Amino acid sequence: IPVTALSRPQKVCLCPFLPVHPLHISTHLYIIQHPAEENKVLRTVPLLAACLPQDKCKVKIGRRFSEERDPELSTVCRKSDTLILYPGAEAANLEEFILDSPIYPSTIIIIDGTWSQAKDIFYKNSLFRLPKQVQLKTSISSQYVIRAQPTNRCLSTLECAAVALSILEKNNYIQETLLRPLQALCSFQLQHGAQIRLSKEHLLKNGLYPKPMPKNKRKLRKMELLMNSIKI
């Protein structure tokens, strides 16, 4: 495991929670990572990459991508068996899509960043609207409790990949294996003083939101949608 990716003191080392050998998968995973995520300490993508074969998990860092700047990614986006995981009105539920699709997906793209960063990347790169857009229909709550999420249903990049790969590979063991190091990371951090970070949705609904409500009408509307559990 690259030292730069998972270097931690021995007593909180995550290596015992990683699979002995990279998981055998046929799906190719592309992570489009916002540059701001690269410097975050408690990231999930290095954990994900440590569990998968190098040739099946590629991380592309940047805000803007084009055919000229990244011919490889452009080719991937244009293939009929590529999916992009991004929720929205145009997105099909992944499980339902693969039942009806004449071509079984071989590649899935996931955007890594805050929700606003992911939205910016998705809408400002025309390449990412070429693949079929899918979303996860899941009721699980995020176990990434050391980093705040907008709503109770928002999942980290690792969790999204774990659910998506287990569906595409038809193997629930993949989800269990990928979540194990994330659970260990959160457990270690909580034992050493980290606090459980409740979602913004939970804080708003229970009158616990610590900041003044925004005066900007657009931001205020987003707050109202969160309180009413409407996807934004």
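As the structure is a computational prediction, the values presented were derived from the model and not from experiment. Worth knowing before you read on, the calculation uses all heavy atoms, side chains too, and leaves out hydrogens, waters and symmetry mates.
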Would [X] end up clustered with [Y] when hydrophobic side chains under 4.5 Å apart are linked, directly or stepwise?
X: V134; Y: Y123; value: no
X: I110; Y: I174; value: yes
X: F97; Y: Y104; value: yes
X: I31; Y: V76; value: no
X: L47; Y: Y30; value: no

Checklist line | F128 ring center near F122 ring center (under 6.0 Å) | finding: no
[Y] side chain reached by [X] side chain, heavy atoms, under 4.5 Å:
X: W115; Y: P87; result: yes
X: T27; Y: P105; result: no
X: H24; Y: E169; result: no
X: T177; Y: P19; result: yes

Margin query: Just to verify, which of T107, I109, D81 counts as forming a side-chain contact (heavy atoms from CB on, under 4.5 Å) with H28?
Written below: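 Going through the options one by one, the only one that passes is T107.
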Check: Do you know which of L178, N171, L165 makes side-chain contact (heavy atoms from CB on, under 4.5 Å) with L23?
Finding: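 That would be L178.
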Which atoms form the tightest heavy-atom contact between [X] and [Y], and what is the distance?
X: Q135; Y: G88; result: OE1-N, 3.2 Å
X: T157; Y: I111; result: OG1-O, 4.2 Å
X: L127; Y: S74; result: CD2-OG, 3.8 Å
X: Q33; Y: V59; result: CB-CG1, 4.1 Å
X: I121; Y: G62; result: CD1-O, 3.8 Å
X: L18; Y: C51; result: CD2-SG, 3.8 Å

To the nearest 0.5 Å, how far apart are [atom1] in [X] and [atom2] in [Y]?
X: K79; Y: I103; atom1: NZ; atom2: CD1; answer: 11.0 Å
X: C77; Y: I84; atom1: SG; atom2: CD1; answer: 6.5 Å
X: K56; Y: S106; atom1: NZ; atom2: OG; answer: 10.0 Å
X: L94; Y: C160; atom1: CG; atom2: SG; answer: 11.0 Å
X: S66; Y: D70; atom1: OG; atom2: CG; answer: 8.0 Å

Notebook entry, point to check: Can you list the steps and then say if R78 with E67 is a side-chain contact (heavy atoms from CB on, under 4.5 Å)?
Noted result: CA-CA 10 Å; R78 293 180 188 282; E67 196 153 359; 3.0 Å; yes
Margin query: Between E90 and K132, does any side-chain N to carboxylate O distance fall below 4.0 Å?
Written below: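 No.
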Notebook entry, point to check: Could D120 and R63 be called an ion pair, given the rule that one side-chain N must be under 4.0 Å from one carboxylate O?
Noted result: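 Salt bridge absent between D120 and R63.
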Next item on the list: Output yes when a side-chain donor or acceptor of E176 lies under 3.5 Å from a complementary backbone atom of Y173, and no otherwise.
Entry: no
Next item on the list: Start with the C-alpha distance between I108 and L168, add both sets of side-chain angles, then the distance that settles side-chain contact (heavy atoms from CB on, under 4.5 Å), and finish with yes or no.
Entry: CA-CA 9 Å; I108 188 162; L168 290 168; 4.2 Å; yes
Check: Any side-chain donor paired with an acceptor under 3.5 Å for S156 and E159?
Finding: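 Yes.
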Note to self: For L29 and L48: C-alpha separation, side-chain torsions, deciding distance, then whether side-chain contact (heavy atoms from CB on, under 4.5 Å) applies.
What the structure shows: CA-CA 10 Å; L29 176 65; L48 176 62; 3.7 Å; yes
Next item on the list: Apply side-chain contact (heavy atoms from CB on, under 4.5 Å) to the pair I25 and L52, showing each step before the final yes or no.
Entry: CA-CA 8 Å; I25 58 171; L52 300 175; 3.9 Å; yes
